> 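Have a look at this one before I ask anything.
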Amino acid sequence: MNRGMAMGIAVVVLVVGAFLFFVNPAPVAWLPPCWFHKLTGLHCPGCGTTRALHALAHGQVATAFGLNPFLLVVLPALGALLLWRREMLRKPWVAWTLAGLVMTFGVLRNVPVHPFTMLSP
Amino acid sequence: MYRIIGGDGNQYGPINAEQLRQWLAEGRVNAQTQVQAEGDAEWRPLSAFPDLAAAVIVAPPPRSAPPAAKVPNYLVQAILVTLCCCLPLGIPAIIFAAQVNGKLAAGDVAGGLESSRKAKLWCWWAFGLGLAAQLAYVIFYAVMMGMGFWQGWRP
């Protein structure tokens, strides 16, 4: 990753972070909704991301985890791999594991039975 | 007169141009063979000698496929784009991204490239349509508000 790209990512993270610190997405109507959720009523693997990031910006890790546990577990892992073990992302089993995790999470959080309902936002 | 380094790594020669063309015709040397002209300290590939290279009969070098390590798999992009609420388009992106390195590992460079291309394509579609939908919503909302229709209207 070159310097310009790192700077760009830092700026985006800061701007989005600041935005989500001041704006709570839950009661706000003008933030765009998840179209997939609006059209199908189902939760996608990304549902709850905005609210989770808002909670994170306020240091509420548990709340964020409740909204989207996948985000809190997989994204840091992905970031760490990207920074220090980039070659791991080129291993077929790592790629398929990640793909499987995203899809399994997406399916399980829509199962309306107790242990799985905890996964929905 | 020329000296050459053969496929076995040993030096041969000095030989004259006629002989070298003969070897070329026999396949003992090729365009990539290192050749040193007499009185010249430098070793260069045979193709760098215009008078000799003319004798290289239409034998193009094997089409070099990009090395496997250079084929991007777009896995991270695919996952990020899926998490940004574009699920239906993000899923194929992730599947194609996951295929890339397996195919490369199996020696299927063409297949790996193809999966890489498709993963990139789906990523961009997911990203573009997702962004367009979100922007459309914000603009729609702003317009509704501007028209004073916002009272009692919840998304």
Side-chain angles (χ1 to χ4, degrees), chain A residues 1 9 12 16 25 27-40 42-53 68 70-75 77-83 86-107 109-110 121, chain B residues 67-106 108 112 115-116 119 126 129-146 150-155:
Chain A
M1 188 174 356
I9 290 175
V12 168
V16 172
V28 166
W30 51 268
L31 272 178
C34 175
W35 287 101
F36 182 74
H37 180 65
K38 277 195 87 71
L39 292 176
T40 63
L42 295 171
H43 296 299
C44 76
C47 279
T49 299
T50 335
R51 281 167 284 164
L53 290 179
N68 196 326
F70 185 80
L71 189 76
L72 261 77
V73 174
V74 170
L75 274 202
L78 210 57
L81 283 181
L82 209 55
L83 279 176
R86 191 171 282 212
E87 72 279 358
M88 289 293 282
L89 290 171
R90 310 195 64 85
K91 294 201 188 307
W93 69 267
V94 175
W96 282 115
T97 305
L98 282 169
L101 278 176
V102 176
M103 278 170 269
T104 314
F105 177 65
V107 170
R109 71 191 320 208
N110 285 299
Chain B
K70 287 274 157 54
V71 180
N73 62 13
Y74 298 105
L75 183 65
V76 175
Q77 291 92 323
I79 291 176
L80 288 182
V81 109
T82 304
L83 287 188
C84 290
C85 271
C86 305
L87 176 94
L89 295 171
I91 291 299
I94 291 185
I95 305 249
F96 283 124
Q99 283 179 351
V100 173
N101 292 105
K103 286 188 174 175
L104 291 178
D108 181 9
S115 293
S116 169
L129 286 181
L131 196 68
Q134 314 291 47
L135 278 181
Y137 178 84
V138 172
I139 292 170
F140 173 71
Y141 191 85
V143 169
M144 290 301 268
M145 224 160 82
W150 54 278
Q151 263 184 336
W153 184 79
R154 305 294 294 172

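The basis for the numbers below is simple: all heavy atoms, side chains too, and nothing from hydrogens, waters or symmetry mates. Values in this document were obtained by computation on a predicted structure and should not be read as measured data. Letters go in sequence order (proteins before strands), and every chain restarts at 1.
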> Please report the interatomic distance CG(A:L101) to CD1(B:I79), rounded to the nearest 0.5 Å.
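Atom-to-atom, A:L101:CG and B:I79:CD1 are 8.5 Å apart.
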
> Taking the side chain from A:R90 and the backbone from B:N73, do they hold a donor-acceptor pair closer than 3.5 Å?
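Answer holds: no.
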
> For B:L83 and A:P45, which heavy atoms make the closest approach, and how far apart are they?
CD2-O, 3.5 Å

> Considering non-hydrogen atoms only, spot the tightest contact between A:A95 and B:L75 and give its length.
CA-CD2, 3.7 Å

> Hey, which of A:L78, A:T97, A:T49 has the most heavy atom pairs under 4.5 Å with chain B?
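If we count pairs closer than 4.5 Å to chain B, A:L78 comes out on top.
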
> Does a side-chain heavy-atom distance below 4.5 Å link B:L80 with A:L75?
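B:L80 reaches A:L75 side chain to side chain.
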
> Out of curiosity, B:T82 OG1 to A:M103 CE, how far, rounded to the nearest 0.5 Å?
8.0 Å

> Tell me, for A:L89 versus chain B, whether the close heavy atoms (under 4.5 Å) come from the side chain, the backbone, both or neither.
both

> Roughly how far apart are B:I95 CD1 and A:W96 CH2, rounded to 0.5 Å?
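Nearest 0.5 Å value for the CD1-CH2 distance: 5.5 Å.
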
